[in-house]
Amino acid sequence: MTAKSAKRAPGAGTVRGGRLDAAPSDLMDAINVSIDVDKRLHAEDIAASKAHCAMLVRQGIISEADGDAILGGLDTIGKEIEDGRFLFHRSLEDIHMNVESRLAELVGDAAGRLHTARSRNDQVATDLRLWLRQTLDDMDEALAGLQAVLIDKAEAHAGTVMPGFTHLQAAQPVTLGHHLLAYVEMFGRDRGRAADCRRRLNQCPLGAAALAGTSFPIDRRMTAEALGFDGPCANSLDAVSDRDFAMEFLGLAAVLAVHLSRLAEEIVLWCSDAFKFARLSDAFSTGSSIMPQKRNPDAAELVRAKTGRVIGALGALLVVMKGLPLAYGKDLQEDKVPVFKTAETLSLSLAAMAGMVSGMEFDTGRMKADAGGGFSTATDLADWLVRELDMPFRDAHRVTGRLVGLAEEKGLSLDGLHLDDMQSVEKGITEAVFGVLGVDNSVTSRDSFGGTAPERVRQAVSAARKRFLT
Ligand code: ARG
């Protein structure tokens, strides 16, 4: 379905109407024409035209015969486009004029009545809202799919111990299941933001016409309802001129992309030789043209990098909108590329991320060994001093610091220290302290709500399934 570059298209419906005689310059066309981008709105454009037509008939604004002809013609056009038989003409600027012009070829004069009481301004605002609503629904499904994959992995690794980091330094041992469920929460909030955006965008601009409404006795509730909107937009100027729904979409998309990029970065780290925590499946690894041993995580790196495009798209639309006076300005035509590109990018990134996570294998032995490094159970030791010796936490913190220093000096881990050594720092310490110095005990003990204990993770897994996947 490539756009044809014929200078004049067959059929009626050119926008230049009776006012402009000479053909536009090629440069005018080059900067003005949007069909290559907005032909993606064809299904929405036809659906909105059908709803408008049915309403015009019901209100007695056009005849039933004309209405039937128009509806039949629109269905034919829809099929032509679906089958790739439709010829898009650049000289007809955009999807709206392409459809209308073809309609004139198919049904003759009746076609000219369809544009009664509407404008391309309310048409395009309606089309884009419809398109974005479907996109948000698709995105919600993709996010739920990714959550499902993460939840399954979390369940399988509810008891797998790994180092938890702050400042990318070993902090306290955590469970891998707990770590993965952190992303399930993030993606859950992303879904919430998408649902908010969908709810607010679900008002219908159709009938706002060019900017001021119309003198025809239209029924805006009827068209809104036919297109699945909650109702008509209350103000015609607002309806044709704001794109806050698109800005909101790009805003939530940027946050989602940032979440994806953080997970992608962790995958890159985990699969690195320095960490060796995880291995991606062959299906999601790439080789090197020179180094035969390589298994590169290109997909994760690309998910990480594509975040740049999404954040850029948000910036682009915000700048388009900033300072734009009411109502419609052709600037608004520039809303589509950022929106379409972002939807495309995220749909690919979400699918790739789900694929990567589902095939990822973890080296649980290695992770557990690393979890004990870096004196990661020092907090457990301090907590023990508080609990068993009734020390204020600040004192326990200082004593533990000295014990860590001692262990470091001797090249030992905390549980490698002799009891005598420990008692030289704090005489109240007993043999029982060794019970809290292992990583398994450490994670098991953190069973506060929202904590990392394996039992908590198992509960969180079933709670997450109920919250997000039913
Ligand atoms: N292609 C245009 C857009 O995307 C459609 C609206 C044109 N309206 C106008 N007044 N020129 O915004």
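The first residue of the sequence shown is numbered 1, and numbering continues consecutively from there. Ligands are counted one by one from 1 in listed order, and the atoms in each one are counted from 1 as well.
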Measure from every N or O atom of ligand 1 to the protein's N or O atoms and keep only the pairs below 3.5 Å, writing each with atom names and distance to 0.1 Å.
unit_1   : atom_1 : unit_2 : atom_2 : d
ligand 1 : 1 (N)  : Ser34  : OG     : 3.4
ligand 1 : 1 (N)  : Asp94  : OD2    : 3.0
ligand 1 : 1 (N)  : Gln333 : OE1    : 2.7
ligand 1 : 4 (O)  : Lys336 : NZ     : 2.6
ligand 1 : 8 (N)  : Asn121 : OD1    : 2.8
ligand 1 : 10 (N) : Asn121 : OD1    : 3.0
ligand 1 : 12 (O) : Tyr328 : OH     : 2.4

Electrostatic pair Glu155:Arg458 at N-O distance under 4.0 angstrom: no
N-O pairing of Arg304 and Asp298 below 4.0 Å: no
Glu248/Arg198 ion pair, N-O < 4.0 Å: no
Test: Arg113 and Asp66 ion pair at under 4.0 Å: yes
Ion pair Asp363/Arg279, N-O distance below 4.0 Å: no
Salt-bridge present (Lys79, Glu82; N to O < 4.0 Å): no
